Enquirer: 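Can you read through this structure? Questions will come right after.
Note that this is a predicted model, so its numbers are computed, not measured. Within every chain, numbering begins at 1; the chains are lettered A, B, ... in the order of the sequence lines, protein sequences first and strands thereafter.
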Amino acid sequence: MTVPAEGFPAAASRELRNRQLRRNLGQATSTIRAKRANVVAEVPDWEQLRAAGSAIKADVMANLDSYLLQFEQALTAAGATVHWARDGAEACAIVAQVARAHGVSEVVKVKSLTTDEIALNESLGREGIHALETDFAELILQLDGDWSSHILVPAIHRNRTEIRNLFRRTIAPEIDSDDPAVLAEAARRYLRERFLSAEVGVSGANFGVAETGTLCVVESEGNGRMCTTLPPVLVSILGIEKLVPSFTDLEVFLQLLPRSSTGERMNPYTSLWTGVSDGDGPQELHVVLLDNGRTRVLRDEVGRQALHCIRCSACLNVCPVYSRTGGHAYGSVYPGPIGAILTPQLIGIENAPTLPFASSLCGACYDACPVKIDIPRVLLHLREQAVEAVDKPAERLAMGAAAWVFRRSDRMRLVQRLMRVLQRPLVRDGRIRRLPRPLSAWTRTRDLRPVAESSFVERNGSGAARR
Amino acid sequence: MSDAREAILRRIRSALGDGNAPTQTGDRQEIGREYRRTDGRAQDTLVELFCERVGDYRAEVQRIASAALEDALTAAALRSGGRRLVVPPGLPAEWRPAQLELVPDAELTTAELDELDGVITGCTVAIAETGTIVLTSDAHEGRRALSLVPDLHICIVQASQIVGTVPEALAQLAPVVSAERRPLTFISGPSATSDIELKRVEGVHGPRKLVVFVTEEPP
């Protein structure tokens with residue numbers, strides 16, 4: 001996972017000039033927002049479910065080592081092979097090793113953010129193994145060498161005509177309609193052969209049940225069922241934070257996730273499998289437990305709650321920043337508010353110092369989060385770290401000077417008087433719209449209120465303030 | 001990679017503090033579960049709700065008397081162009097219409113399954129609030145591939161199998177998972193995608209047509 005060196009502000013201002021992106025994204029986020037609001041409103045105990053979801057995840061993090069060992073034991077007893085991977089490279093090597101052991105040059109893949117995070121497809125590609133994306137949107141992106149802009153609907157920045165043209169160039173030369181149903185049919189035909197003949201499937205997992213060793217994949221299209229059922233060999237990769245303690249705990253998350261994510265009461269397909277079942281599905285199951293920075297996140301008692309995320313994308317759809325810039329501006333596999341707190345923690349704040357600032361701190365993400373991650377609080381916490389990690393001498397000097405002024409009222413009064421004179425040529429209609437360099441960086445996107453002609457104390461007398 | 005295993009466990013214990021000692025099952029917290037476990041409405045209300053919610057997914061759904069089931073199954077299959085349907089080994093005789101060509105699943109290959117028009121299955125439990133049917137690879141449901149590869153899925157739900165809420169369904173399913181380790185498939189409508197401009201398209205890789213019959217009496 002890499003974040004472009006340009007940082008969020010530069011990437012965002014570029015993305016904002018893309019009118020198709022803004023139109024598609026505005027429509028998509030508002031549609032999903034409305035659907036979500038409807039299906040959440042009909043659940044009378046939504047807040048109780050959120051509270052339980054949050055408590056379950058907090059318990060998992062507080063006892064992560066013992067839950068992982070329990071999960072490993074249950075999986076092994078159910079006939080699965082458990083692997084542990086400290087980082088992406090180790091995880092990719094395990095998948096490659098399984099593929100090589102079965103002599104395959106292609107694996108079929110369920111959409112998985114975790115495998116995107118570790119760049120599994122690129123890594124397998126270097127070993128001569130093609131990882132075929134089978135989710136409709138992921139297939140579109142893979143065919144075009146593009147990348148995801150939304151957790152749930154990764155190709156939302158593309159329109160139907162572009163996709164028809166892409167399919168003509170690649171998988172369906174004869175296609176002449178841009179009707180989404182026709183395009184979906186073309187993907188179905190193209191992938192069906194591959195599903196039926198695939199030897200190795202690769203999936204992520206939405207949840208892993210520590211008590212039983214059960215894995216869970218939540219999806220809509222049926223490609224997940226194809227990949228986890230038809231190939232004789234299955235490799236499932238999950239971050240170590242994906243556990244829930246017991247099978248019963250799924251009753252909370254299977255209510256929270258679909259309603260928060262697609263705005264449906266339930267998604268079309270949820271698959272749960274517990275190891276290997278005789279005569280049904282893969283007879284060889286590998287499970288890869290991935291760290292890749294998660295234990296680093298666990299270390300931070302405030303930031304740790306980012307690991308509670310169930311990847312529903314509700315915070316993206318309600319975010320005034322994300323719904324305008326789109327996912328590419330974040331330069332991270334995890335975009336939006338959750339990406340702004342997860343990515344800097346996974347890869348180190350010094351490698352993504354601008355992301356915690358990609359927010360207006362309005363708090364809509366916190367309200368929408370089905371597991372009550374206090375995203376604004378973590379954003380502020382990470383902003384502190386970013387300031388410490390990246391030294392900006394001018395900013396430090398300015399803040400030091402401000403602190404010196406604010407410390408004594410006579411200094412404050414003196415500066416106020418000075419500013420009233422200095423600001424005169426800049427004030428237009430009660431606003432300062434442009435400051436001289438280098439302060440112009442601040443007013444490029446904001447108006448500044450001028451210093452008032454008289455202060456509160458001057459108007460009311462110092463006694464008024466005290467009473 | 002036992003090195004990786006030890007390293008990750010060590011990192012977790014170090015991150016959690018507490019002298020880096022392994023956590024014990026006794027450290028786990030009791031979870032406050034204030035949410036609804038049961039629905040509590042009358043069974044007939046739940047059956048009506050289930051049918052309405054399945055219909056919302058644009059699946060075909062019909063309440064039907066057991067005596068009329070055979071004809072209804074035949075008609076539903078033919079309406080969708082289904083003549084040759086696979087049936088799981090334990091499907092009750094009453095659910096096997098004589099007018100259709102039924103192919104028993106005797107270790108059919110995936111390619112052979114792909115040649116068939118549809119499948120008839122039962123289910124283990126159904127959830128009214130979400131319009132969901134749950135299959136557990138039981139004898140009257142068959143292995144997972146049966147309800148996945150053919151393009152038409154006809155599922156027979158007995159009214160008594162319908163519960164109100166997700167927690168009620170999971171309570172019934174827990175022993176199936178913990179004692180028998182059977183795979184579960186939750187199905188809520190036909191397969192679907194909204195990946196292009198958020199336009200919903202029914203039918204991508206799973207069955208494009210889902211027909212649900214709700215019968216009053218068990219066979």
Enquirer: Go through it in stages, so that I can follow the logic: the residues are Asn159(A) and Glu197(B), the test is side chain to side chain contact (heavy atoms under 4.5 Å, CB included), and I'd like the CA-CA distance, side-chain angles, deciding distance and then a yes or no.
Expert: CA-CA 6 Å; Asn159(A) 67 34; Glu197(B) 299 175 13; 3.2 Å; yes
Enquirer: Pick whichever of Arg11(B), Glu168(B), Arg13(B), Glu34(B) has the most heavy-atom pairs under 4.5 Å with chain A.
Expert: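 Ranked by contacts with chain A, first place is Arg11(B).
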Enquirer: Sort Glu301(A) into side chain, backbone, both or neither according to what part of it lies under 4.5 angstrom from a heavy atom of chain B.
Expert: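 For Glu301(A), neither part sits under 4.5 Å from chain B.
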Enquirer: Identify which part of Arg304(A) has an atom lying under 4.5 Å from any heavy atom of chain B, answering side chain, backbone, both or neither.
Expert: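 The answer is the side chain of Arg304(A).
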Enquirer: Identify the two heavy atoms, one from Ala85(A) and one from Ile8(B), that lie closest to each other, and give their separation to 0.1 Å.
Expert: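 That closest heavy-atom pairing would be O-CD1, 3.4 Å.
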Enquirer: With a 4.5 angstrom heavy-atom cut-off, which part of Glu219(A) approaches chain B: side chain, backbone, both or neither?
Expert: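 Contact with chain B: none, neither part.
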Enquirer: With rounding to the nearest 0.5 angstrom, report the CD1 to CG distance, Ile32(A) to Leu198(B).
Expert: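 The CG atom of Leu198(B) is 5.0 Å from CD1 of Ile32(A), to the nearest 0.5 Å.
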Enquirer: When you measure from the side chain of Asp195(B) to the backbone of Ala137(A), do you find a donor-acceptor pair of N or O atoms at a distance under 3.5 Å?
Expert: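 Side chain of Asp195(B) to backbone of Ala137(A): a pair is present.
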Enquirer: Could you walk me through whether Arg225(A) and Ile187(B) pass side chain to side chain contact (heavy atoms under 4.5 Å, CB included), step by step?
Expert: CA-CA 11 Å; Arg225(A) 291 181 68 192; Ile187(B) 299 173; 4.2 Å; yes
Enquirer: Are Arg265(A) and Tyr57(B) in a cation-pi setup, meaning NZ or CZ lies under 6.0 angstrom from the ring centre and within 45 degrees of the ring axis?
Expert: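 No cation-pi geometry.
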Enquirer: Please classify the contact between Pro207(B) and chain A as side chain, backbone, both or neither, with a heavy-atom cut-off of under 4.5 Å.
Expert: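 Both backbone and side chain.
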Enquirer: Going from CD1 on Ile196(B) to CD on Glu162(A), what distance comes out if it is rounded to the nearest 0.5 angstrom?
Expert: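 These two atoms lie 11.0 Å from each other.
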Enquirer: How far does OG1 of Thr214(A) sit from CG of Leu173(B), to the nearest 0.5 angstrom?
Expert: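 It is 11.0 Å, given to the nearest 0.5 Å.
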Enquirer: Does any heavy atom of chain B fall under 4.5 Å from the side chain of Leu49(A), the backbone, both, or neither of them?
Expert: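 For Leu49(A), the contact with chain B is made by backbone and side chain together.
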Enquirer: Tell me, for Ala91(A) versus chain B, whether the close heavy atoms (under 4.5 Å) come from the side chain, the backbone, both or neither.
Expert: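 The answer is neither part of Ala91(A).
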Enquirer: Can you confirm whether more than 12 heavy atoms, excluding those of Glu180(B), are under 6.0 Å from its CD atom?
Expert: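 Buried by this count: over 12 neighbours within 6.0 Å.
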Enquirer: At a heavy-atom separation under 4.5 Å, does Arg259(A) approach chain B through its side chain, its backbone, both, or neither?
Expert: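 Side chain only.
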Enquirer: For Pro268(A) and Ser191(B), work out which heavy atoms get closest and say how close.
Expert: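 What the structure gives for the nearest pair is CB-CA, 4.4 Å.
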Enquirer: Does any backbone or side-chain atom of Thr262(A) lie under 4.5 Å from a heavy atom of chain B? Answer side chain, backbone, both or neither.
Expert: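 Neither; nothing under 4.5 Å.
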Enquirer: Would Ser277(A) and Arg143(B) count as a side chain to side chain contact (heavy atoms under 4.5 Å, CB included) if you check the C-alpha gap in whole Å, the side-chain angles of each, and the deciding distance to 0.1 Å?
Expert: CA-CA 10 Å; Ser277(A) 301; Arg143(B) 60 199 167 101; over 6 Å; no
Enquirer: Non-hydrogen atoms of chain B under 4.5 Å away: do they reach the side chain of Leu298(A), the backbone, both or neither?
Expert: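 Its backbone and side chain both get close to chain B.
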Enquirer: Taking everything shown except Arg194(A) itself, do over 12 heavy atoms lie less than 6.0 Å from its CZ?
Expert: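 Buried by this count: over 12 neighbours within 6.0 Å.
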Enquirer: With chain A as the partner, which of Glu129(B), Arg36(B), Lys199(B) has the greatest number of non-hydrogen pairs under 4.5 Å?
Expert: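 Most heavy-atom pairs within the cutoff with chain A belong to Arg36(B).
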Enquirer: Select, from Leu230(A), Thr248(A), Asp300(A), Asn24(A), the one with the greatest count of heavy-atom pairs under 4.5 Å involving chain B.
Expert: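 Between Leu230(A), Thr248(A), Asp300(A), Asn24(A), the count favours Leu230(A).
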Enquirer: Non-hydrogen atoms of chain A under 4.5 Å away: do they reach the side chain of Ala145(B), the backbone, both or neither?
Expert: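 Both parts, backbone and side chain.
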Enquirer: Please look at Ser194(B) and chain A and tell me whether the side chain, the backbone, both or neither of the residue comes under 4.5 angstrom of a heavy atom of that chain.
Expert: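 The answer is the backbone of Ser194(B).
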Enquirer: Could you verify whether a donor N or O on one side chain and an acceptor N or O on the other, from Gln255(A) and Tyr35(B), lie under 3.5 Å apart?
Expert: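 The criterion, which ignores hydrogens and geometry beyond distance, is not satisfied for Tyr35(B) and Gln255(A).
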Enquirer: Please check this pair: side chain of Arg192(A) against backbone of Val149(B), looking for a donor-acceptor N/O pair closer than 3.5 Å.
Expert: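 A pair under 3.5 Å: yes.
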Enquirer: Relative to chain B, which segment of Phe195(A) carries a heavy atom at a distance below 4.5 Å: side chain, backbone, both, or neither?
Expert: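 For Phe195(A), side-chain heavy atoms alone lie under 4.5 Å from chain B.
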Enquirer: Rounded at 0.5 Å granularity, tell me how far CE in Met266(A) sits from OG1 in Thr130(B).
Expert: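 OG1 of Thr130(B) is found 4.0 Å from CE of Met266(A).
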Enquirer: At their closest point, which heavy atom of Ala187(A) faces which heavy atom of His205(B), and how far apart are they?
Expert: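 In terms of heavy atoms, the two residues are closest at O-CE1, 4.1 Å.
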Enquirer: Do you know which of Glu107(B), Arg182(B), Arg181(B) has the most heavy-atom pairs with chain A at a distance under 4.5 angstrom?
Expert: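 Highest number of pairs under 4.5 Å: Arg181(B).
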Enquirer: Considering only heavy atoms and a distance below 4.5 Å, find which of Asp278(A), Val276(A), Val43(A), Asn267(A) pairs most often with chain B.
Expert: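 Option with the greatest count: Asn267(A).
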Enquirer: Among Gly206(B), Gly189(B), Ala192(B), which has the most heavy-atom pairs under 4.5 Å with chain A?
Expert: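 Highest number of heavy-atom pairs under 4.5 Å: Ala192(B).
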Enquirer: Heavy-atom distance under 4.5 Å to chain A: side chain of Val201(B), backbone, both or neither?
Expert: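 Answer is side chain: those atoms of Val201(B) sit under 4.5 Å from chain A.
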Enquirer: Begin from the C-alpha positions of Asp291(A) and Ile12(B) and carry the test side chain to side chain contact (heavy atoms under 4.5 Å, CB included) through to its verdict.
Expert: CA-CA 10 Å; Asp291(A) 179 352; Ile12(B) 292 169; over 6 Å; no
Enquirer: Check for a donor-acceptor pair, side chain of Asp59(A) on one end and backbone N or O of Gln29(B) on the other, with a separation under 3.5 Å.
Expert: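 Checked: pair present.
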Enquirer: Under the criterion salt bridge (charged side-chain N to carboxylate O under 4.0 Å, His left out), I'd like the reasoning laid out for Arg33(B) against Asp249(A): C-alpha separation, chi angles, the key distance, then a yes or no.
Expert: CA-CA 10 Å; Arg33(B) 295 178 196 273; Asp249(A) 293 320; 2.5 Å; yes
Enquirer: How long is the straight-line distance from OG1 of Thr25(B) back to CG of Leu69(A), given to the nearest 0.5 Å?
Expert: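 Answer for the CG-OG1 pair, Leu69(A) versus Thr25(B), is 11.5 Å.
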Enquirer: Please determine, among Met226(A), Gln48(A), Arg160(A), the option with the most heavy-atom pairs under 4.5 Å with chain B.
Expert: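 Counting heavy-atom pairs under 4.5 Å, the top option is Arg160(A).
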Enquirer: Answer yes or no: does atom CD of Gln43(B) have more than 12 heavy-atom neighbours from other residues, nucleotides or ligands under 6.0 Å?
Expert: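 Check passes, neighbour count above 12.
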Enquirer: Which atoms of Ala51(A) are under 4.5 Å from chain B, going by heavy atoms: the side chain, the backbone, both sets, or neither?
Expert: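 No part of Ala51(A) comes within 4.5 Å of chain B.
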Enquirer: How long is the gap from CG on Asp135(A) to OG1 on Thr193(B), to the nearest 0.5 Å?
Expert: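 So the CG of Asp135(A) and the OG1 of Thr193(B) are separated by 6.5 Å.
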Enquirer: At a heavy-atom separation under 4.5 Å, does Asp87(A) approach chain B through its side chain, its backbone, both, or neither?
Expert: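 Contact with chain B: none, neither part.
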Enquirer: So which part of Glu211(A) gets closer than 4.5 Å to some heavy atom of chain B, the side chain, the backbone, both or neither?
Expert: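 Answer is neither: Glu211(A) stays 4.5 Å or more from chain B.
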Enquirer: Against chain B, label Glu264(A) side chain, backbone, both or neither, depending on which of its atoms sit under 4.5 Å from a heavy atom there.
Expert: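 Contact with chain B involves the side chain of Glu264(A) alone.
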Enquirer: For chain A, find which of Leu113(B), Leu148(B), Thr185(B) contributes the most heavy-atom pairs closer than 4.5 angstrom.
Expert: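 Highest number of heavy-atom pairs under 4.5 Å: Leu148(B).
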Enquirer: Chain B heavy atoms under 4.5 Å from Leu289(A): which part of the residue, side chain, backbone, both or neither?
Expert: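 The backbone, not the side chain.
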Enquirer: Just give me the residue among Arg37(B), Glu202(B), Arg53(B) that pairs up with chain A most often, heavy atom to heavy atom, under 4.5 Å.
Expert: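 Heavy-atom pair counts peak at Arg53(B).
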Enquirer: Asp280(A) side chain to Arg144(B) main-chain N or O, any donor-acceptor pair under 3.5 Å?
Expert: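 Checking the backbone N and O of Arg144(B) against the side chain of Asp280(A), a donor-acceptor pair under 3.5 Å is found.
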Enquirer: I'd like to know if the side chain of Asn63(A) reaches the main chain of Thr23(B), judged simply by a donor and an acceptor atom lying under 3.5 Å from each other, with no hydrogens or angles considered.
Expert: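 Such a contact is absent between Asn63(A) side chain and Thr23(B) backbone.
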Enquirer: Given heavy-atom pairs under 4.5 angstrom as the criterion, report whether the side chain, backbone, both or neither of Ser147(B) touches chain A.
Expert: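 For Ser147(B), heavy atoms of backbone and side chain both lie under 4.5 Å from chain A.
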Enquirer: Determine the minimum heavy-atom distance between Ala4(B) and Trp84(A), stating which atoms define it.
Expert: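 Reported closest heavy-atom pair: CB-O, 3.4 Å.
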